[in-house]
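Position 1 is the first residue of the sequence, and the numbers go up from there. Keep in mind it's a predicted model, so treat the numbers as computed, not measured.
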Amino acid sequence: MDDSFDITIPNFTLGKEIGRGGMARVFLGEQLEPKRQVAIKIVTPQGNDAKILEDLQKEGDTVAQFSHPNIITVFACGVIENNYYLAMEILGGGDLKQKIENGITELDTFNIMLDMAKALEHAHRRGTLHRDIKPENILFHEDGQAVLVDFGIAKAQNTVSEFTRVGAVVGTPHYMSPERALGKEIDERSDIYALGVVFYEMLMGEKVFPGSDTFAISYAHVHEPIPDLPEDKSKYQALLNKMLAKNPDDRFQTATQLISQLKKYIRR
């Protein structure tokens, strides 16, 4: 993809590029009817992989049916000239990665956790896993409300086994549940694990298992003990341990269970 990226999407105009990563680029744009400003994500799979485009389209159609304040609002999606596009609401409050870098209060941490648990509850009840919970996929409205984005991108990239395609471990290894790292079937408890990793990162400002070696990180998720929180945050250890349990049976079994637990902490 070069910088003179040229694609014509019916009923939309493309403005300036505002972000890119992996196979995707995000542009400011305008929907012509009804007239509104939108963000347009365009995904161009390597080798124009038709299976990936088909998976993305399915997932986009699914998320477009969601209506939840903590899940991105999708206005339109489709496939054009071997590109997948997704037109969505503009979120002007930055992402969680930036917030963590700037330092985040414990109250904000719990409010964001509650927003994300509610988003997962909504999606899971409708049979959709996110599969790629990480700070970059948690964006904010100007008023601070957290919104989950990028459903299904990981699933689409995952049509080939994770470790056979060189350099394409899908779902960032830092947030990967043990069962996922082992290549087993995953369910909603895998999303809960990934959210637990994000929780640790919000509390501590660093990843639960840092490093850059994919295999070492994956090994740590499967075998290394959950780190102890420092004394001033030790009251959250039990919650962290339950989210990051190696065995999915020992975690919160649903986002609904997690929500009721988070509310108890917020009330305190």
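- Between Y265 and F110, the ring-plane angle classifies as parallel under the 30° and 60° cut-offs.
- In this structure a side-chain-to-backbone donor-acceptor pair under 3.5 Å is missing from R36 to Q31.
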Worksheet item: Does the side-chain contact (heavy atoms from CB on, under 4.5 Å) test come out yes or no for Y200 and L229, once each step is laid out?
Response: CA-CA 9 Å; Y200 180 89; L229 293 171; 3.9 Å; yes

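- K97 NZ: 12 or fewer foreign heavy atoms inside a 6.0 Å radius.
- A donor-acceptor contact shorter than 3.5 Å links the side chain of N137 to the backbone of D132.
- Looking only at side-chain heavy atoms (C-beta outward), K242 and Q261 stay at 4.5 Å or farther from each other.
- To the nearest 0.5 angstrom, L258 atom CG is 6.5 Å from L195 atom CG.
- Other residues, nucleotides and ligands contribute only 12 or fewer heavy atoms inside 6.0 Å of the NZ atom of K263.
- Salt bridge status for D49 with K51: absent, with no side-chain N to carboxylate O gap under 4.0 Å.
- In this structure, L129 and E59 approach most closely via the heavy-atom pair O-OE2, 4.2 Å.
- In terms of hydrophobic clustering, with Ile, Leu, Val, Met, Phe, Trp and Tyr side chains grouped at heavy-atom distances under 4.5 Å, I266 and M116 are assigned to a common cluster.
- Two residues are said to be in side-chain contact when any heavy atoms from C-beta on lie closer than 4.5 Å; E89 and F75 meet this criterion.
- The two residues A181 and V222 have their closest heavy-atom pair at CB-CG2, 4.0 Å.
- In the model, Q98 has no side-chain atom that pairs as donor or acceptor with a side-chain atom of N102 under 3.5 Å.
- Around CZ of F66, the count of heavy atoms belonging to other residues, nucleotides or ligands within 6.0 Å exceeds 12.
- Heavy atoms from other residues, nucleotides or ligands lying under 6.0 Å from CD of E101 number more than 12.
- Side chain to side chain, Y193 and E179 fail the donor-acceptor criterion of an N or O pair below 3.5 Å.
- In this structure, F27 has its ring center at least 6.0 angstrom away from the ring center of Y85.
- Of the N and O atoms on the side chains of D61 and Q57, at least one donor lies less than 3.5 Å from an acceptor on the other residue.
- L120 places none of its side-chain heavy atoms less than 4.5 Å from the side chain of E188.
- Pairing each heavy atom of P173 with each of I217, the nearest pair is O-CG2, 3.5 Å.
- Contact annotation: the side chain of H122 never approaches that of K118 to less than 4.5 Å [non-hydrogen atoms, C-beta and beyond].
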